[in-house]
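By convention in this document, chain letters (A, B, ...) are assigned in the order of the sequence lines, proteins followed by strands, and residues within each chain are numbered from 1. Computation of the quantities below employed the complete heavy-atom set of this structure, encompassing side-chain atoms and omitting hydrogens, waters and symmetry-equivalent molecules.
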There are 2 protein chains.
Amino acid sequence: MNKLPQKTRLTQQRKTILDIVKSTCYHPTAEQIFKLVKKQLPKISVGTVYRNLDVLADQKLIKRIDIPGEPTRFDAELKNKAYFVCKNKGSIYDLKIDSEKLKSLVNCDCIDKIDDFHILLFGTSKDCPSEKGLRKGQLKR
Amino acid sequence: MNKLPQKTRLTQQRKTILDIVKSTCYHPTAEQIFKLVKKQLPKISVGTVYRNLDVLADQKLIKRIDIPGEPTRFDAELKNKAYFVCKNKGSIYDLKIDSEKLKSLVNCDCIDKIDDFHILLFGTSKDCPSEKGLRKGQLKR
DNA sequence: GTAATTGCAAACGGTTTGCGATCTC
DNA sequence: GAGATCGCAAACCGTTTGCAATTAC
């Protein structure tokens, strides 16, 4: 939610960062993105990554996923309305939630307008990944 | 989610911290709690506050409220299932949400069991506090 | 008595920022 | 050329931690 400049530019760095977020099926952290970009642009610095993620998020090209106690992750799939975090392995599954139905669950006359929501569910998944394999939404640690 | 000791003790510090969280109608941060406790126990240190908040949260006597980009807040009202964050003034309103209805909104066969959820709604409140007054749920900044 | 807890202070980790140099439009 | 962005490194800020001293049970 910073002030964007009047005209943003499509630099190599910004393009590469966006491509990486778009192409990963899991939801990488800034640190992970940094490492991945570095393979293509070895001179890039963390600051640049954070600044670009800020810009891209302000432009609504990507979305932040804030999980308490973990570094922020990023998602280029904007239609994901919620995330399910499996306790066992730290996997994250994307959930689509009907915004209108959700709003109807909320009873509070103090609310004028709901612009956005941030929903995390915690629990265990049925087919919880074994030690061996990595699955969609799972971070290597 | 740390390992609690076999027997926890009710120290002056822990009692005071719990009392403060229970008695405030807004949702204080660790820092704010620290300042308030200090009035009663001038020698207390931040570390003690954080450690006690951890213990109390593990004992389910209080609840964390994690709002992206802000320090963690604490709530002694455990029945609050969600929070509404007013963008204009940073006010937080407590919401009760029907857990079962919420779960029915989620369509994902990967989920085995939902233990907990964490819901934040962002928007504007009808009677948004003016510059003059402070209201329930609002932090002085 | 002994395990839990404290105060202190230093360290941590993710993120931000100020700067002069370098790009993009 | 002007403004946006970069790389670098230091700073930031909320939180955690190691340790010797103290306290609750």
May I have the distance from [X] (atom [atom1]) to [N] (atom [atom2]), rounded to whole angstrom?
X      : N       : atom1 : atom2 : answer
L56(B) : dA4(C)  : CG    : P     : 16 Å
E70(A) : dT15(D) : CD    : P     : 16 Å
L41(A) : dC8(D)  : CG    : P     : 12 Å
R9(B)  : dT2(C)  : CZ    : P     : 12 Å
D58(B) : dA4(C)  : CG    : P     : 15 Å
L53(A) : dT5(D)  : CG    : C1'   : 14 Å
Q12(B) : dT23(D) : CD    : P     : 12 Å
I65(A) : dG14(C) : CD1   : P     : 17 Å

Checking all strands, does [X] fall into the base, sugar-phosphate, or nothing category for heavy-atom contacts under 4.0 angstrom?
X      : result
Q6(A)  : sugar-phosphate
Q13(A) : sugar-phosphate
R51(A) : base

Selection from dT16(C), dC6(D), dG14(D) that lies nearest to any side-chain heavy atom of E31(B): dG14(D)

Per the atom types in the model, does the base of dG14(D) pair as donor or acceptor with the side chain of R64(B) at under 3.5 Å? no

Return yes if the base of dG14(C) and the side-chain atoms of R73(A) contain a donor-acceptor N/O pair under 3.5 Å, otherwise no.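 There is none.
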
Flag the pair D115(B) and K113(B) as a salt bridge only when some basic side-chain nitrogen lies within less than 4.0 angstrom of an acidic carboxylate oxygen.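 Yes, D115(B) and K113(B) are salt-bridged.
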
When the nearest nucleotide of DNA chain C is assigned to K7(B) and to T72(A) on a heavy-atom basis, which residue is associated with the more 5' position? K7(B)

Which is more 5' along DNA chain C, the nucleotide nearest G47(A) or the one nearest T48(B)? Just name the residue. T48(B)

Is a side-chain donor or acceptor of Q59(A) paired with a backbone partner of L61(A) at a separation under 3.5 angstrom? no

Is there a side-chain contact between [X] and the phosphate of [N], meaning an N or O under 4.0 Å from OP1 or OP2?
X      : N       : value
Y50(B) : dT16(D) : no
S45(A) : dC6(D)  : no
T11(A) : dA4(D)  : no

Report all side-chain donor-acceptor pairs from residues 14-23 of chain A shorter than 3.5 Å, counting only partners two or more places apart or in another chain.
| from | atom 1 | to | atom 2 | distance (Å) |
| --- | --- | --- | --- | --- |
| R14(A) | NE | N52(A) | OD1 | 2.5 |
| R14(A) | NH1 | R9(A) | O | 3.1 |
| R14(A) | NH2 | N52(A) | OD1 | 3.1 |
| K15(A) | NZ | D19(A) | OD2 | 3.1 |
| T16(A) | OG1 | Q12(A) | O | 2.6 |
| S23(A) | OG | D19(A) | O | 3.1 |
| S23(A) | OG | I20(A) | O | 3.2 |

Identify each donor-acceptor pair in which a side-chain atom of residues 95-103 of chain A lies under 3.5 Å from a protein atom, sequence neighbours left out, and give them as a table.
| from | atom 1 | to | atom 2 | distance (Å) |
| --- | --- | --- | --- | --- |
| K96(A) | NZ | N80(A) | OD1 | 3.2 |
| D98(A) | OD1 | E100(A) | N | 2.9 |
| D98(A) | OD1 | K101(A) | N | 3.1 |

Can you tell me if S125(B) and D112(A) form a side-chain donor-acceptor pair at under 3.5 Å? no

